[in-house]
Amino acid sequence: AQSVTQPDIHITVSEGASLELRCNYSYGATPYLFWYVQSPGQGLQLLLKYFSGDTLVQGIKGFEAEFKRSQSSFNLRKPSVHWSDAAEYFCAVGLYNQGGKLIFGQGTELSVKP
Amino acid sequence: EPEVTQTPSHQVTQMGQEVILRCVPISNHLYFYWYRQILGQKVEFLVSFYNNEISEKSEIFDDQFSVERPDGSNFTLKIRSTKLEDSAMYFCASRGEVNNQPQHFGDGTRLSIL
């Protein structure tokens with residue numbers, strides 16, 4: 001069955017430090033992969049997506065993610081975190097042979113220390 | 001940038017009552033989805049809708065749930081007889097026809113069942 005795992009429930013980083021949020025997926029075919037961010041009381045905003053081609057994808061707000069097929073991973077990175085990045089981050093795999101539904105990971109809550 | 005809009009932002013309902021959650025997807029999108037997020041848990045797929053019919057539904061989407069696109073702009077989720085465990089944030093999403101287009105989410109409706 002398809003699944004997405006985000007091993008870290010909560011991460012705290014200092015402002016200006018680098019960030020890496022981990023995501024592993026289980027899916028039999030080539031996945032469509034996404035990272036979404038959710039601020040408190042808000043909806044899900046798309047940060048970036050991977051469909052094919054270059055395995056390093058750039059997104060909004062200075063985020064990037066790297067698709068590694070051999071590791072079934074799609075980790076999200078940012079070189080320098082800002083206080084406004086504090087939010088919940090969700091990794092998702094898109095099943096486009098099944099009507100396009102998204103399977104989400106559990107989410108990683110990011111706190112930023114001043 | 002076009003948005004998915006959801007109303008109301010918060011709905012409080014007595015157990016056993018019917019509730020209708022409303023969504024206006026992005027106007028040229030053709031695929032529509034409902035997801036829910038129980039407090040503290042991951043976002044879960046409920047149903048996908050395309051060409052005026054359900055294309056897929058999850059185990060959660062039982063006979064108490066229904067979806068409808070009553071006109072050219074709205075997409076509704078109805079829960080016929082609400083239960084306490086239906087309390088959650090419900091997200092509507094839409095995407096275009098091409099498979100490599102991501103889903104765009106609304107800000108959600110927080111449903112509280114008393």
Side-chain angles (χ1 to χ4, degrees), chain A residues 1-10 23-25 27 29-54 57 59-60 63 65 67 74 87-109, chain B residues 1-7 9-10 21 23-26 29-51 53-61 67 88-110:
Chain A
Q2 306 91 359
S3 65
V4 177
T5 302
Q6 293 179 246
D8 304 305
I9 303 297
H10 191 187
C23 172
N24 292 95
Y25 67 90
Y27 184 48
T30 299
Y32 293 165
L33 295 162
F34 306 86
W35 276 98
Y36 285 87
V37 61
Q38 183 183 33
S39 297
Q42 301 295 310
L44 296 160
Q45 182 184 22
L46 179 70
L47 283 177
L48 46 76
K49 61 185 185 291
Y50 170 79
F51 291 114
S52 64
D54 193 349
V57 293
I60 62 171
F63 286 92
F67 170 58
F74 188 56
E88 184 117 26
Y89 291 79
F90 291 94
C91 181
V93 62
L95 310 184
Y96 284 97
N97 61 344
Q98 295 183 40
K101 72 179 182 185
L102 296 178
I103 304 295
F104 284 87
Q106 193 72 18
T108 297
E109 184 179 355
Chain B
E1 184 175 330
E3 294 181 338
V4 176
T5 56
Q6 290 186 243
T7 55
S9 56
H10 191 187
L21 309 183
C23 170
V24 179
I26 294 173
H29 282 183
L30 299 178
Y31 288 84
F32 312 112
Y33 306 86
W34 284 100
Y35 295 83
R36 79 171 185 191
Q37 184 182 30
I38 295 172
L39 187 64
Q41 298 185 25
K42 71 167 107 177
V43 178
E44 302 174 286
F45 167 77
L46 290 178
V47 65
S48 58
F49 191 87
Y50 172 72
N51 200 24
E53 62 182 23
I54 291 173
S55 47
E56 188 177 359
K57 58 185 180 180
S58 72
E59 297 169 350
I60 304 166
F61 195 89
V67 290
M89 182 74 93
Y90 288 81
F91 292 106
C92 174
S94 69
R95 72 170 177 94
E97 185 162 22
V98 179
N99 268 352
N100 66 358
Q101 293 180 354
Q103 293 180 27
H104 295 263
F105 284 78
D107 282 345
T109 293
R110 178 164 298 286

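Just the heavy atoms: all of them, side chains too, but no hydrogens, waters or symmetry mates, feed the values below. In the text below, chain A, chain B and the rest are named by the order of the sequence lines, each starting its count at 1.
Shown here is B/Leu39, whose CG atom has no more than 12 heavy atoms of other residues, nucleotides or ligands within 6.0 Å. More than 12 heavy atoms of other residues, nucleotides or ligands shown are found within 6.0 angstrom of CD on A/Glu109.
For A/Leu46, the part lying near chain B is the side chain, with the backbone staying farther off; criterion is any non-hydrogen pair under 4.5 Å. Proximity to chain A is limited to the side chain of B/Arg95, based on heavy atoms less than 4.5 angstrom apart. Contact of B/Gln101 with chain A is made through the backbone alone, with heavy-atom distances under 4.5 Å. Neither the backbone nor the side chain of B/Tyr50 comes within contact range of chain A; no heavy atom of the residue lies under 4.5 Å from a heavy atom of that chain.
Two residues are said to be in side-chain contact when any heavy atoms from C-beta on lie closer than 4.5 Å; B/Gln37 and A/Gln38 meet this criterion.
Of all heavy-atom pairs between B/Pro102 and A/Phe34, the closest is CB-CE2, 3.7 Å. Of all heavy-atom pairs spanning A/Gln106 and B/Lys42, the tightest one is OE1-CE, 3.6 Å. In terms of heavy-atom proximity, A/Gly43 sits nearest to B/Phe91 at CA-CE2, 3.7 Å. For A/Leu102 against B/Tyr35, the heavy-atom pair with the smallest separation is N-OH, 3.0 Å.
The candidate from A/Gly94, A/Ser52, A/Gly105 with the greatest count of non-hydrogen atom pairs under 4.5 Å with chain B is A/Gly105. In terms of heavy-atom pairs under 4.5 Å with chain B, the best-connected choice from A/Tyr32, A/Tyr36, A/Phe90 is A/Tyr36.
Within the model, atoms CE of B/Met89 and CD of A/Gln42 stand 9.0 Å from one another, a figure rounded to the nearest 0.5 Å.
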